[in-house]
Amino acid sequence: MSSEEIKWEVKSDYIHALAQKGIRQDNRKTDEYRKIQITPNYIPHAPGSALVKIGATQVLVGVSMGVGTPYPDSQASGVLMTGCELVPMASPSFESGPPRPPAIELARVVDRGIRESNSIDFDKLCITEGEAVWMVMIDLHILDYAGNLFDAAELASIAALYNTKMPKYEDGKVIREETSGKLPLLKKPIECTFVKIGNMIMLDPMLEEEKSLDARITLATTEDSSLCAAQKGGNGSFTEKEIMDTFDIAVEKGKDLRKLI
Amino acid sequence: MKNPGIELFKDGKRLDGRKVDELRPIKIEAGVLERADGSAYLEWGANKVLVAVYGPKECLPRHLSDPYKAVLTYRYNMAPFSVDDRKRPGPDRRSTEISKISAEALEKVVLLEQFPNSMIKVFCEVLQADAGTRCASLTAASVALADAGIPMRDLVASCAAGKAGGEVILDLGKKEDNFGEADVPIAITPHDEEIVLFQMDGALSKEEFQKAVSLAKQGCKTIHEIQKAALKKRFEQVKPPIKAVKTEIKKSEVSK
Amino acid sequence: MREIVIPGEKLSDKNLKTGYGAYVKQGKIYASMHGVAIKTNDYVKVVPLRGKYMPREGDQVIGIIEGMRFKAAFVELNSAYNGYLSLEREDECHVGELIIARVIEVSNVKNVTLEGARPLYDGKLLEVQPVKIPRIIGKNGSMMKILRDTTKTTIFVGRNGRIFIKGERKQILNVEKALDMIDEQAHTHGLTARVKQFLEQEVKA
């Protein structure tokens, strides 16, 4: 075990002791987010971008637009790709190199929220059926890891999509200097992540809480209060009632967060 | 890349209105990240660069450690969305080369011998690229190292000069870089003006080359003043954090 | 005289005695750290405001047992260097335990030997910038005495930036507030008196 990990082992005792008394380290309520700050269009040169801060966590998302061939099973739809790099600057425990399981899970959960909610109007991204379609490439760039990357990354992705400009496409060429309007969008899926420590369930885990978790659950909801993606993590478990309770909170919080974009 | 069709000068001025010896606007802020031991954010024209420093820390993997000094590693990385055509994530030959020569430039100033068997890690992320990112990264990196409380003989300030549209100019912009005749990025230790990073590509006569180096050195000195101001400001206004107070209680307390 | 300096900045043209954070080159003195320069008539040094802990002989440190080998423990010290603690018996301590110990030797290649380890439990661990520890202790322990006496807490201080507090939960919180105050106002005059006044008020409330 590395020094970095063993420190958290020791510290999690305190978080568990507090959880038993129903308290969080920073005195937040169980359904309270840390301060959220969204800076849309943070990278003006990119077609779309946003920087999201949740507490000290910072995630920068950039959207690139390209033209490629459609998937064989959806010849007239655009393509979405989501990549994630846990940039080593963001934490002493992140390493350079190809994406490891946590980065892949993060990218896939964010991708699922966007894809399954039909957030992007993929049918409008067809250029020539079966031949050329727009590709929307989302890159999650984690800059400072202080807990709850899921919600920060999803929020930043949606904020970035909502300021994405479509480049012009003419005679088989992408003209990046000119735009042909905004990316066609339909919905704003919002992800809410909870952790369970002992018997206490709390929204928006800060780093110390995330390092002490027994189980984690992420729920993505849309404007019509329905669920579009979910993911459970950690080696603990949830009861059915606990999951239903987090669903209700996720719907309510989703409404608040949607207003920020 | 050369494109004589593009006019790089109009009425004696450069495309963005600058004079031949004028830098783009530069802004540096020290201490911007929570987790890192030291950090800096820099904007230089439309370049946006973030740098984090970790260490000195235990050298891992251990076989890399040096019993006489700290090992300094430098990672220069471009975010996929930092350039027009999405860059494939991860290191490539260009970023590996830049990382190597930048580490060597910093090794000249960091007092590595004070930390045998340890490791100092510098991470540069280019978030938006607009020509001159290696100079921007190195300039920010030396501020981040100072911010981490790491002892150094001097800072390192970096800047390019070059030739575009037939003129020797300071701090090439994107079009000047793409369609110009030469690019000479350098870095110096500002107090004794030693050159610690130096590259060149293109075509220059000896006279032009001399002029370019002297222009770039002048640029570095101006940049050093901005680095200095950023570091002085850091202590004047910021409360250097008792980092997000970290806490712990032994298990025996749980039962109380 | 105090001023904020950066690495490479000239501190003096004269050949003075130099302390930490300063170096001599061609008879002139320069700063090697980002920090506050302290100059007297014959002496100059730089006090950094951030930075990792460097183990020194005689320091009291708070560490976490990171690993055990045959009759020895490796202790994580919030530093580039881990400590080495030799044990009489293998069950003297356990991985994950918090201890306070003294540095008795630092070798050239920075092997750090510890001695006199005692376990710490039933309390709260804080981490601060190690360079702040002297201010928190105060002249001849004056600041620490105020913190302990007013709040009736037991406080262990490690030079490596770790502070361990035992006592009532409310009083621990008061010590934390006072530490924040010391951190923010580290370079102001009359701080000890203000901290005392603050704590006396808080404890009464």
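Throughout, protein chains are lettered first and strands after them, A, B, ... in sequence-line order, and every chain is numbered starting at 1. Just the heavy atoms: all of them, side chains too, but no hydrogens, waters or symmetry mates, feed the values below.
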One option among G62(A), P88(A), A56(A), S64(A) has the most heavy-atom pairs under 4.5 Å with chain B, and it is P88(A)
If we define contacts as heavy-atom pairs under 4.5 Å, which of A90(A), P47(A), G97(A) has the most with chain B? A90(A)
Around atom [atom1] of [X], are there more than 12 heavy atoms of other residues, nucleotides or ligands at under 6.0 Å?
X	atom1	value
K165(A)	NZ	yes
R176(A)	CZ	yes
K174(B)	NZ	yes

At a heavy-atom distance under 4.5 Å, which candidate from V122(B), V53(B), L50(B) has the highest pair count against chain A? L50(B)
Please report the shortest heavy-atom distance between [X] and [Y], naming the atom on each side.
X	Y	value
A52(B)	M89(A)	CB-CB, 3.5 Å
Q58(A)	V32(B)	NE2-O, 3.5 Å
L127(B)	L60(A)	CD2-CD2, 3.7 Å

Mark yes or no for whether D144(A), through its side chain, and E34(B), through its backbone, hold a donor-acceptor pair below 3.5 Å. yes
For the CG atom of L143(A) and the CZ atom of R35(B), what is their distance to the nearest 0.5 Å? 13.5 Å
If I take atom NZ from residue K48(B) and atom OG from residue S49(A), how far apart are they, to the nearest 0.5 angstrom? 8.0 Å
Please state whether the side chain, the backbone, both or neither of [X] comes within less than 4.5 Å of a heavy atom of chain B.
X	answer
L207(A)	side chain
P44(A)	both
V61(A)	backbone

Under 4.5 Å, heavy atom to heavy atom: which of residues 128-145 of chain B reach chain A? Give them by number, or say none. Q128(B), A129(B), D130(B)
What residues of residues 76-101 of chain B sit under 4.5 Å from chain A when you count only heavy atoms? N77(B), A79(B), P80(B), F81(B), D84(B), D85(B), R86(B), P89(B), G90(B)
Got a salt bridge between E85(A) and R75(B), using NZ or NE/NH1/NH2 to carboxylate O under 4.0 Å? yes
